[in-house]
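One structure is given here, and the rest of the page talks about it.
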Number of protein chains: 2
Amino acid sequence: MARSDERAGRMWRVNTLGFAILGLLARRPLSGYRVAQLMREPIGFFWNAGHAQIHGTLRKLVEAGWAEYRTEPGPGPHDKKLYSATAAGRAALAEWAASPLPTPQPHDELLLRVYNGWLADPAAMREMLTAELERREASLAHYLTVRAEFEADGTPEDPTTQRFVDYATVLNGIGSERYVLDWLRWLIGTLRD
Amino acid sequence: MARSDERAGRMWRVNTLGFAILGLLARRPLSGYRVAQLMREPIGFFWNAGHAQIHGTLRKLVEAGWAEYRTEPGPGPHDKKLYSATAAGRAALAEWAASPLPTPQPHDELLLRVYNGWLADPAAMREMLTAELERREASLAHYLTVRAEFEADGTPEDPTTQRFVDYATVLNGIGSERYVLDWLRWLIGTLRD
DNA sequence: GTCGGTTATGTCAATGCCGACATAGACGCG
DNA sequence: CGCGTCTATGTCGGCATTGACATAACCGAC
């Protein structure tokens with residue numbers, strides 16, 4: 001009895017996006033609109049969602065008792081809602097953050113392109129890869145300035161602070177872009193003439 | 001007139017999964033079942049899909065004229081279908097492979113966990129991260145044996161061969177796992193005592 | 001001989017996700 | 001005074017994705 005229920009791994013009352021949003025609300029109260037902005041930067045470096053998805057998920061968080069809101073007069077046809085995480089929401093988020101990771105399901109279109117690149121025109125491939133190289137060089141440059149700002153105020157060291165985890169995700173971005181850039185330069189090099 | 005049509009970037013008759021499957025069919029004729037197997041390994045390193053999705057997408061590929069099949073007697077209540085890519089399918093795949101990449105929409109649950117890790121119990125975080133470290137060490141070891149097999153037969157050098165692009169994706173896997181492992185070891189180190 | 005694993009294709013419901021559409025006040029610039 | 005941008009929340013339809021259910025032959029081991 002209850003064979004597939006316990007090993008499911010999906011016993012939470014919201015999906016991963018719910019925790020992404022709850023993680024923002026646990027830091028400070030926000031309107032749905034501000035959540036959508038922060039979803040682009042800085043959460044956009046590792047997750048993303050449009051505002052259509054965000055409004056629905058905020059409703060689910062409130063239904064689960066993990067977030068609450070107070071209404072404020074705002075522009076437009078609807079009132080502004082300022083959401084914040086409840087104590088139960090913080091507890092659920094803390095438990096989720098350290099719970100075992102499900103096996104990742106990668107979706108990397110760049111690698112899929114390369115895997116099929118043997119069929120394509122080498123010059124066209126070189127162009128596509130060069131554009132990607134430039135995009136990622138800009139991304140790396142951005143991460144490096146953010147890291148410099150962090151370190152100007154002293155390297156964060158306490159892993160139970162927001163400042164530290166922010167710093168850790170930036171370091172990951174730098175590492176990830178650096179290895180891809182090396183690989184892209186090598187690949188583009190094999191496509192010379 | 002046709003304002004949003006040209007800048008959409010989604011003018012193809014199948015989605016990305018369609019090209020992932022077509023890329024397998026362009027190499028050799030396959031049954032849907034075999035496609036699902038290859039979707040786990042080696043495509044699983046950069047894309048994934050279950051058989052429910054695969055059958056539907058194969059039907060779309062046939063409707064688009066990019067794949068065809070011949071029926072063969074097989075086990076079970078349905079006949080076996082052997083799919084292969086048509087000339088039009090190969091051409092579409094070659095064009096797609098080198099076309100400009102859409103901006104990626106990352107979904108990295110590990111980074112989302114770390115971003116919210118300041119709230120969690122450090123010992124529990126260390127446990128979760130150590131499990132992930134071990135999973136990725138095993139993954140790196142696997143990539144290294146695959147690379148060794150490639151190089152034993154001579155390092156692939158011609159980017160218009162299947163052997164080369166297979167090799168290129170393995171090198172990417174090695175680089176990607178190595179940088180994550182370094183980062184994970186640093187992170188776990190900050191969570192000591 | 002039957003038990004379990006592999007081969008093989010399919011449906012279905014629920015959920016997730018995305019782009020487009022809808023509305024409208026506030027504020028600054030020219 | 002109007003135009004564009006930002007703030008702000010919401011709906012809707014369609015497609016993508018997942019897990020569960022359904023069916024059944026073939027094959028090797030015990």
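Predicted, not measured: the structure shown is a model, and the values here were computed from it. These values consider heavy atoms only, across backbone and side chains, with no hydrogens, waters or symmetry-generated copies.
Aromatic ring centres of B/Tyr167 and A/Trp118: separated by at least 6.0 Å.
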In sequence, state the C-alpha distance, the side-chain angles, and the governing distance for B/Phe19 and B/Trp12, and then conclude on ring pair (Phe, Tyr, Trp, His ring centres under 6.0 Å). CA-CA 10 Å; B/Phe19 289 107; B/Trp12 308 99; 5.6 Å; yes

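With A/Thr86 contributing its side chain and A/Gly65 its backbone, the two residues share a donor-acceptor pair below 3.5 Å. Between the side chain of A/Thr155 and the backbone N or O of A/Glu151 there is no donor-acceptor pair closer than 3.5 Å. Of the possible polar contacts, one joining the A/Arg113 side chain to the B/Ser99 backbone as a donor-acceptor pair under 3.5 Å is found. In terms of modelled atom types and a separation under 3.5 Å, the side chain of B/Arg90 and the main chain of B/Ala26 share a donor-acceptor contact. No side-chain donor-acceptor contact under 3.5 Å links A/Ser139 to the backbone of A/Arg135.
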Please write out each protein N/O paired with an N/O of nucleotides 2-5 of chain C under 3.5 Å, distance rounded to 0.1 Å.
none

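Looking at residues 42-55 of chain B, you'll see B/His51, B/Ala52, B/His55 sit with a heavy atom under 4.0 Å from some atom of DNA chain C. Within a heavy-atom distance below 4.0 Å of DNA chain C, the residues of residues 60-85 of chain A found are A/Lys60, A/Pro75, A/Gly76, A/Pro77.
When rounded to the nearest whole Å, the span between CG of A/Leu17 and P of C/dT15 equals 16 Å. A straight line from NE2 of A/His107 to P of D/dT18 spans 6 Å, rounded to a whole angstrom. Here the P atom of nucleotide C/dT9 and the CE atom of B/Met39 are 15 Å apart, to the nearest Å. Between the C1' atom of D/dT11 and the CG atom of A/Leu58 lies a distance of 16 Å, rounded to the nearest Å. Atom CG of B/Asn15 and atom P of D/dT18 are 12 Å apart (whole Å).
Applying the salt bridge (Lys or Arg N to Asp or Glu O under 4.0 Å) definition to pairs two or more places apart or across chains, those involving residues 38-62 of chain B are B/Arg59-B/Glu63. Within the structure, salt bridge (Lys or Arg N to Asp or Glu O under 4.0 Å) contacts touching residues 156-173 of chain B (residues at least two apart or in different chains) are B/Arg27-B/Asp166. Residue pairs meeting the salt bridge (Lys or Arg N to Asp or Glu O under 4.0 Å) criterion with at least one member in residues 72-87 of chain A, sequence neighbours excluded: A/Arg70-A/Glu72.
The shortest distance between the side-chain N/O atoms of B/Gln37 and the OP1/OP2 oxygens of C/dA8 is not below 4.0 Å.
In the set C/dT6, C/dC18, D/dT9, the nucleotide with an atom closest to the side chain of A/Tyr33 is D/dT9.
Minimum interatomic distance between B/Ala98 and A/Met128 (heavy atoms only, all atoms of both residues): O-CB, 3.4 Å.
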